[in-house]
Amino acid sequence: MNEKDKVPYVVTSKSYTAVAINCAAKAGEWIKSRLGTVKQLSTKTSAQDLVTEVDKGAEQMIRKLILTHFPDHAILGEEGVEPGHEASAKALEAAKNEPYLWIVDPIDGTTNYVHGFPFFSVSIALAYRGEIIVGVIYDPMRDELFIAEKGKGAYVHGNPTRVSGELTLSDSLLATGFPVDPTFNLPQNMAGLQALLPKVRNIRGGGSAALHMAYVAAGRLSGYWEIGLNAWDVAAGVLLVQESGGKVTDTEGRPYDLSVRNIAASNGAIHQDLLDILSDAKATGYPKNESRA
Ligand code: IPD
Ligand code: CA
Ligand code: CA
């Protein structure tokens with residue numbers, strides 16, 4: 001047989017979800033085993049925007065595994081994209097028409113990881129023609145695997161997840177994050193924080209957007225919002241929240257799509273009140289009169 005007739009061996013029998021779980025579990029175990037051993041700490045767009053050799057190694061591991069099963073699929077992974085919002089918008093634009101697109105954040109919560117604060121996760125989503133059909137988030141420190149399949153529900157440890165039942169903001173526990181862009185995103189988030197904090201039970205900033213989304217899905221948080229995210233931070237979490245009976249929009253109430261950077265996720269019941277307060281505080285992350293496109 002000559003060289004060009006050799007067909008690479010491709011494993012085809014696994015479901016997308018099984019592959020996503022396998023990737024998240026393997027990468028998560030490896031990340032955990034390297035906790036406290038980081039050797040190369042670099043910054044990206046600002047002094048707060050960190051990346052390590054473990055982020056890069058985990059993404060390589062996930063890419064290889066996905067391509068072993070699905071060599072024709074496209075992958076949008078954080079560490080494969082130049083830093084900065086412009087580059088990530090371009091990368092998403094280039095990838096979004098791929099029929100099958102895997103969206104990967106190898107460590108969501110790198111700052112926590114570097115400091116040994118045990119709240120970080122691996123986030124993997126699969127979109128088919130722009131629609132998220134699988135979402136998996138793995139927290140290796142608690143060994144919690146959150147799984148969602150479009151139309152089939154969401155689960156943690158095999159148990160269905162369900163959003164919480166709070167009906168009012170005053171009974172709600174929210175979360176947010178503190179974006180690394182100090183010029184626009186951070187002041188916007190701070191304005192939202194200041195407006196919401198007196199009106200809710202409390203607000204947490206755990207440092208992993210993906211886990212915040214998973215916690216909304218699991219009813220541990222009533223809602224979550226953040227300005228200035230990327231698709232890999234939230235794509236898996238979006239499906240988890242939706243499949244758990246919750247609501248996800250941008251911070252001005254438009255339906256989620258992969259290009260949304262300013263996100264609001266909730267149990268549904270408090271969603272409009274959350275959006276109204278962000279709007280009144282001019283804290284939606286959208287400069288007035290500027291469209292999202
Ligand atoms: C970050 C985390 C954090 C959020 C930041 C994200 P990374 O992701 O999700 O919670 O506040 O906006 O960039 O950089 O650790 O993958
Ligand atoms: Ca992230
Ligand atoms: Ca990351």
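All residue numbers in this chain count up from 1 along the given sequence. Read the numbers this way: they start at 1 and go in the same order the structure lists the ligands and their atoms. Reckoned from all heavy atoms, side chains included, excluding hydrogens, waters and symmetry mates.
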Visitor: Looking just at side-chain N and O atoms, do S172 and E166 make a donor-acceptor pair shorter than 3.5 Å?
Guide: no

Visitor: Just distances here: any N/O of G228 and N/O of ligand 1 closer than 3.5 Å?
Guide: no

Visitor: Please tell me whether N189 and T176 have a donor and an acceptor in their side chains that are separated by less than 3.5 angstrom.
Guide: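 Their side chains do contain a donor-acceptor pair, which is all the 3.5 Å distance test asks for.
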
Visitor: Please state the angle at the Ca ion (ligand 3) spanned by O of I107 and OE1 of E78: what is it, rounded to 10 degrees?
Guide: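 Approximately 160° at the metal, rounded to tens of degrees.
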
Visitor: Can you tell me the protein heavy atom closest to atom 13 (O) of ligand 1 and the distance?
Guide: D233 OD1, 4.1 Å

Visitor: Please say whether T111 places an N or O atom under 3.5 Å from an N or O atom belonging to ligand 1.
Guide: no

Visitor: Under 3.5 Å, is there a donor-acceptor pair linking the side chains of N230 and S88?
Guide: yes

Visitor: Out of M213, H212, E78, indicate the one that has the non-hydrogen atom closest to atom 14 (O) of ligand 1.
Guide: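 Ranked by closest heavy atom to atom 14 (O) of ligand 1, first place is E78.
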
Visitor: Under 4.0 Å from a heavy atom of D105: which atoms of ligand 1 are those, numbered in the order shown and with their elements?
Guide: 16 (O)

Visitor: Please work out, at 4.0 Å between heavy atoms, whether the side chain, the backbone, both, or neither of F178 comes within that distance of ligand 1.
Guide: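 For F178, the contact with ligand 1 is made by the backbone alone.
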
Visitor: List every atom of ligand 1 that sits less than 4.0 Å from any heavy atom of G109, numbering the atoms from 1 in the order shown and giving each element.
Guide: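 Listed by number with element: 7 (P), 15 (O), 16 (O).
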
Visitor: Tell me the contacting part of A210 for ligand 1: side chain, backbone, both, or neither, using a 4.0 Å heavy-atom threshold, strictly below.
Guide: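 A210 to ligand 1: no contact under 4.0 Å from either part.
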
Visitor: Report yes if the distance between the aromatic ring centroids of Y128 and Y16 is under 6.0 Å, otherwise no.
Guide: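 No; Y16 has its ring centre 6.0 Å or more from that of Y128.
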
Visitor: Considering distance alone, does some N or O of G177 sit under 3.5 Å from an N or O of ligand 1?
Guide: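 N/O-N/O distance below 3.5 Å does not exist for this pair.
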
Visitor: Ion pair present between K96 and E93, side-chain N to carboxylate O less than 4.0 angstrom?
Guide: yes

Visitor: For residues D250 and Y286, is any side-chain donor paired with an opposing acceptor at under 3.5 Å?
Guide: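 Short answer, yes.
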
Visitor: Give yes if a backbone or side-chain nitrogen or oxygen of G207 is under 3.5 Å from a nitrogen or oxygen of ligand 1, and no if not.
Guide: yes

Visitor: Knowing that exactly one of T251, L186, D181 qualifies, which makes a side-chain contact (heavy atoms from CB on, under 4.5 Å) with I227?
Guide: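 Going through the options one by one, the only one that passes is T251.
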
Visitor: Taking only heavy atoms of T110, which atoms of ligand 1 are found under 4.0 Å from at least one of them?
Guide: 15 (O)

Visitor: To the nearest 10°, what's the angle at the Ca ion (ligand 2) between atoms OD1 (D233) and OD1 (D108)?
Guide: 100°

Visitor: Indicate whether any N or O donor in one side chain lies under 3.5 Å from an N or O acceptor in the other, for S170 and T168.
Guide: yes

Visitor: Do E86 and K90 meet the salt-bridge criterion of a basic N to acidic O distance under 4.0 Å?
Guide: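 No salt bridge links K90 with E86.
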
Visitor: Does a donor on one side chain and an acceptor on the other come within less than 3.5 Å for D276 and S279?
Guide: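 On atom types as modelled, these side chains do not qualify, holding no pair under 3.5 Å.
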
Visitor: Under a 4.0 angstrom heavy-atom cut-off, which atoms of ligand 1 come close to S208?
Guide: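 Going through ligand 1 atom by atom, the ones under 4.0 Å from S208 are 9 (O), 10 (O).
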
Visitor: For ligand 1, which atoms sit closer than 4.0 Å to a heavy atom of D108?
Guide: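 By the 4.0 Å cutoff, the relevant atoms are 1 (C), 2 (C), 7 (P), 8 (O), 9 (O), 15 (O), 16 (O).
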
Visitor: Just go through R261, E226, E79 and tell me whose heavy atom is the nearest to atom 11 (O) of ligand 1.
Guide: E226

Visitor: So for ligand 1, is L229 a polar contact partner (N or O within less than 3.5 Å, distance only)?
Guide: no

Visitor: D105: which N/O/S atom is nearest the Ca ion (ligand 3)?
Guide: OD1

Visitor: Do R204's NZ or CZ and the ring of F119 fall within the cation-pi criteria of under 6.0 Å and 45°?
Guide: no

